[in-house]
Every structure is written in C-alpha cells, then in structure tokens.
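Data block below; observations after.
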Amino acid sequence: MIRPALPRWLLVPAGVAALFLAVPLVAMFGRVSWARLPALLVTPEALDALWLSLRTCTASTVLCLALGLPLAMVLARTRGRWATVGRVLAALPMVLPPVVAGLALLVALGRRAWLGRQLSILGVDLAFTTAAVIVAQTFVSMPFLVVSVEGALRSAQDDLDIVAATLGASPTTVLRRITLPLAAPAIASGAALSFARALGEFGATLTFAGSLQGTTRTLPLEIYLARESDTDVAIALSVILLVLATALVAATAVFGRIRGAAR
Amino acid sequence: MIRTLVAVAALSLLAACAPASATTAPQSTALVVYAAASLTDTYTALGKSFEASHPGVTVKFSFEGSSTLLDQLEQGAPADVFASADRPTMDKASAAHLISGTPSLFATNTLTLIVPAGNPARITGLDASLNGTKLVVCADGVPCGTATTKLAALLGVTLKPVSQETKVTDVRAKVETGQADAGVVYTTDAKASGSKVETIPITNADLVKNDYLVGVVSGSAHSDLATQFVASVTSAKGQKILSDAGFGLP
C-alpha cells in the first residue's frame with residue numbers, strides 16, 4: 001500500500017517552522033568572535049563551569065537511571081487511577097517553570113524545611129553545595145527518562161517476557177535478560193534527553209543551589225553572569241552548550257532509529 | 001472549515017496589530033520609562049504622582065537590570081526615559097548617543113549586611129563572626145557585586161561567600177528564606193525586606209556609593225514630557241519618596 005502524497009501547500013508552513021527554529025541558532029554562530037574564541041573559552045571561569053556541568057550532569061543522569069528506570073517499569077505495569085496519578089506526578093517537573101521547581105525544592109529541602117532539618121541532623125547539609133545542583137538537575141530531568149522508557153515499555157507488543165516466564169525464568173531473570181535489553185534503545189535515548197535537560201538546567205539551580213565558581217556555577221549560570229559584562233564570552237559559551245546539546249539530541253535520534261529497526 | 005480558521009487567524013492578527021488608541025476614546029499619551037530593577041517601588045510611586053499632575057498621561061515602566069535595559073535601548077527599544085543603577089551603565093548609554101543631554105544624578109545607594117530574623121548564626125558585622133557561616137553576595141561584574149568587592153578591599157576584609165548571585169534580589173531571597181546566614185545587599189533592599197531580615201550596618205559603608213542617574217532617551221517622541229518626568233524625580237516630592245525607601249540623596 002502506498003501512502004498518498006502530502007498536499008504541497010503544507011511545505012510553506014513547514015518551511016516557516018524549520019526557519020523559525022533554525023535562524024536564531026544559526027545567527028548565534030554568526031555573532032561568535034571566532035578569533036577570540038579560544039581565549040574566551042580557556043579562562044578558569046569557563047573551564048570550571050564546563051567541568052562542573054559535565055560532572056553534575058553525569059551524576060544526575062546516573063541517579064535518573066537508578067531511580068527513574070524502576071519507576072518507569074512499575075508505571076508501565078500499573079493500571080487504573082493510581083497509575084494515572086503516578087504518571088502525572090512523574091511528568092510534572094517537565095512542564096514546571098524552573099524557578100517554581102527551585103522554590104519547591106527550597107520549601108522541601110531548604111535549611112528551614114522539615115526534611116532539610118532532618119537531613120542536617122544526619123550531617124547532610126545540601127545548601128550551596130554541588131550536591132544541591134545534582135538534586136535540582138535530577139528533579140527536572142528524571143521525568144524525561146521516566147516518560148520515554150514508560151512509553152516504550154507500554155507499547156512493546158511482543159510477549160517474549162511471558163514466554164520466558166512460562167519457561168521457568170524468575171522475574172529478575174526476565175527483567176535482566178528480556179525486558180531491559182528490549183528497552184535498551186529507549187533507555188539510552190531517555191538518558192541522553194535527561195542529560196541534555198540537566199545540562200540546560202538554570203532556574204532551579206539558581207534558586208536552590210546558588211552560584212559559586214567551581215561549586216555550583218554550571219555552564220548556563222556562567223553564561224547568565226557573563227552576559228552582564230561581556231556578551232562575547234556569553235555567546236562563546238552558548239555555542240559550546242549548543243554543540244553539546246546537538247550531540248545529545250542527535251544521539252537520541254540515532255537510538256530512536258535503532259528502536260524502529262528492532263521492531 | 002480551513003477557510004474559517006484562516007479568517008479567524010487573520011482577524012486576530014489584525015486586532016493585535018491595530019493601534020490601542022483606536023479603541024480608547026479619550027486621547028492619552030504613554031510615557032515609557034526604563035528603570036533599574038531596584039527602582040521598582042519608588043518609580044511606581046513617582047509614576048502615580050506624575051500621572052496625577054499630568055492628566056491624560058500614562059506612565060509605563062519596564063524594570064530590569066540596568067545592563068539588560070541598556071542592551072534593549074541599543075536594539076532600538078521605544079523608551080522615553082532611562083534610569084540606571086550605576087554610573088558605568090549610564091556612561092555607556094551616553095557614549096552610544098542613546099541619551100540626549102546630560103543625565104542627572106538623583107539618588108545614591110550604599111551596602112549593608114542583612115541576616116535572617118533572629119540572626120541564627122550570631123553575626124556581628126563584616127568581621128570574623130562571618131567565618132564558617134553561609135554568606136551570600138552579588139557576583140563581581142554586576143553593580144552590587146563590584147561595589148561589594150570594592151568595599152571589602154577598602155575595609156581590608158576577605159569575604160568567603162558560599163554563593164555569588166547575579167541579582168541583588170537573589171541575595172535577599174536567600175537570606176529571607178534562611179537558606180543563607182548573611183548577605184550583602186543595598187540599604188534599600190534591606191528596607192524592602194522588612195521584618196524578615198535584620199540589618200547590621202557596615203561601618204564606613206559610604207566609602208562605596210552607587211550613583212543612580214536618569215536621562216531622556218534621544219529620539220523620544222515625547223521629549224518634553226520625558227524632561228518633566230526627569231525633573232519630577234529630582235523635585236522635592238520625588239526626593240522624599242526616594243529617601244523614604246532608604247536611598248541616599250545626592
């Protein structure tokens with residue numbers, strides 16, 4: 001069966017949409033002062049921010065996998081009202097304005113909050129630490145992993161897990177040998193999306209963790225600060241962020257194609 | 001169906017583009033004032049009193065960081081008046097021929113130390129009592145941060161902040177919520193925080209003063225009104241509003 005061709009007029013709004021998304025990003029490359037670029041990027045401030053971003057995003061992505069993956073698997077298997085409630089809660093931080101996410105974390109885990117006080121009795125003081133950055137990033141990026149993995153698990157049509165269980169495999173063996181390998185492309189693309197979201201995290205970090213070079217000032221915070229004094233530095237750092245984000249989104253597209261081919 | 005949608009879209013576009021004056025019967029002039037974020041409360045009050053004495057005039061404000069406003073003016077933003085929270089920003093605006101005439105100095109601001117109500121970390125001033133506490137300041141590069149660095153150097157104190165914020169209001173928020181033990185902010189911010197914070201004056205804080213300047217934007221369509229607004233800021237009534245909010249007068 002051949003799918004009918006799209007109406008030709010559709011190309012006009014589609015073209016406008018593509019330009020609308022591409023022009024601002026390309027324009028930024030036009031504003032970069034290429035001659036000064038190496039000098040702008042090897043400052044201690046920029047390198048500290050980049051290194052801190054990479055470290056915290058790696059940590060938050062690991063946390064997303066360790067906690068978000070089990071949540072996605074449970075949600076994919078749950079039916080009824082509680083499943084809906086769980087799904088809404090799991091997706092909510094994705095659409096919250098970052099400042100609201102930061103305030104929510106402050107109210108829950110701040111030094112004056114009940115949970116924050118219990119933590120400090122245990123000797124854990126999150127305020128103004130790198131750990132607070134990781135908490136903020138995990139909070140806003142975990143939904144991306146949960147939503148994408150849950151969707152993939154739910155739409156999986158094959159009954160390999162049932163077959164394996166019938167053949168005597170324990171639930172853990174089914175999970176390890178069948179469910180996880182089949183969901184691997186979705187997990188990989190979800191993890192890449194989470195990493196990308198954590199990399200761009202700004203508002204929650206600023207509100208909850210603060211901003212100190214090498215400790216809490218990640219790449220987006222450094223860009224925001226640089227903009228106040230030197231636009232060239234801000235644009236140079238933005239280009240780095242853009243390149244990293246492109247690589248991550250491209251990775252999710254590649255994993256998506258692997259998933260399509262596996263079907 | 002598609003035709004209806006297109007028609008609706010076209011109509012709403014037209015409606016959005018139509019000048020607002022077409023719908024409001026009495027002729028009114030809008031004066032657009034771009035002012036530094038720290039002027040939000042005082043300029044809103046000044047605008048109210050200006051509207052009262054100039055019937056038919058509405059004053060519209062855009063409150064942002066001074067450097068953000070300067071960026072917008074450079075891009076051709078349609079402002080009539082520009083008020084900056086420091087001299088370097090106003091100097092840049094003048095150098096770029098964005099201001100007509102000489103801007104007027106209308107207020108000054110000094111730094112102070114604030115702590116959460118009850119002073120949980122028992123801080124006594126910009127001294128050894130800050131050791132090991134969570135001190136938050138503005139980052140170097142933004143006006144309040146530059147002032148903090150300069151003052152600390154003049155007083156011979158080394159500050160070890162746990163966070164350097166981009167906006168003075170972020171420093172305030174962190175002290176108000178008790179997340180930080182102390183913060184260095186402008187006197188006007190300390191006053192605006194009210195009973196949520198306690199103010200600990202810094203000895204010799206007036207060694208470093210931030211100058212607030214206001215000027216008429218070149219090419220303003222209402223330059224006469226804009227000049228009158230600038231005059232109202234430096235008038236006795238305007239100066240009273242500013243000093244009540246904690247600003248120093250020039």
Side-chain angles (χ1 to χ4, degrees), chain A residues 7 9-10 12-13 31 43-45 48-49 99 102-114 116-117 120 125-133 136 202-218 220-231 233-235, chain B residues 2 5-6 9 36-37 64-72 74-75 84-86 88-89 92 116-118 120-121 132-146 149 159-183 196:
Chain A
W9 57 262
L10 207 63
V12 177
R31 268 294 309 274
T43 62
E45 291 86 7
D48 277 354
V99 183
L103 280 176
L105 287 172
L106 200 61
V107 170
L109 296 168
R111 293 174 81 198
R112 289 272 176 93
W114 182 83
R117 280 206 307 270
S120 73
D125 195 356
L126 278 179
F128 306 107
T129 60
T130 305
V133 177
F202 171 72
T205 308
L206 199 65
T207 317
F208 181 60
S211 171
L212 189 70
Q213 186 184 337
T215 308
T216 48
R217 189 174 294 150
T218 55
L221 270 67
E222 179 64 35
I223 292 172
Y224 187 61
L225 179 61
R227 207 190 55 98
E228 293 280 337
S229 43
D230 191 346
T231 317
V233 177
I235 290 182
Chain B
I2 287 169
L5 276 180
V6 170
E64 277 295 338
S66 303
S67 50
T68 305
L69 292 174
L70 177 63
D71 279 349
Q72 293 174 355
E74 279 171 346
Q75 305 289 331
S84 82
D86 67 338
T89 309
K92 278 187 208 165
T133 64
K134 296 193 189 303
L135 170 71
V136 177
V137 299
C138 288
D140 228 349
V142 296
C144 64
T146 312
T149 311
L159 300 179
K160 286 189 192 119
V162 291
S163 184
Q164 297 171 316
E165 307 286 335
T166 318
K167 280 191 301 187
V168 66
T169 41
D170 285 337
V171 177
R172 230 173 91 182
K174 287 191 164 77
V175 177
E176 283 178 10
T177 55
Q179 196 68 2
D181 296 322
K196 285 183 219 131

Interchain contact, A:Thr129 with chain B, by part (heavy-atom threshold 4.5 Å):
neither
Taking the side chain from A:Ser211 and the backbone from B:Ser163, do they hold a donor-acceptor pair closer than 3.5 Å?
no
Going by atom types only, do A:Arg227 and B:Thr68 share a side-chain donor-acceptor pair under 3.5 Å?
yes
Closest non-hydrogen atom pair, B:Asp140 against A:Leu225
O-CD1, 4.3 Å
More than 12 heavy atoms of other groups within 6.0 Å of A:Arg31 CZ
no
Looking only at heavy atoms, what is the nearest atom pair of B:Glu165 and A:Gly210, with distance?
OE2-CA, 3.6 Å
Work out which heavy atom in B:Ala139 is nearest to a heavy atom in A:Arg217; give both atom names and the distance.
CB-NH2, 4.0 Å
For the pair B:Gln179 (side chain) and A:Arg111 (backbone), establish whether a donor and an acceptor sit closer than 3.5 Å, ignoring hydrogens and angles.
yes
Side chain, backbone, both or neither: which part of A:Leu106 has an atom under 4.5 Å from a heavy atom of chain B?
side chain
Hey, is NZ on B:Lys167 packed in by over 12 heavy atoms from elsewhere, all under 6.0 Å?
no
Which atoms of B:Ala180 come close to chain A, meaning under 4.5 Å heavy atom to heavy atom: side chain ones, backbone ones, both, or neither?
both
Measure the spacing between NZ of B:Lys174 and CG of A:Leu206 and express it to the nearest 0.5 Å.
5.5 Å
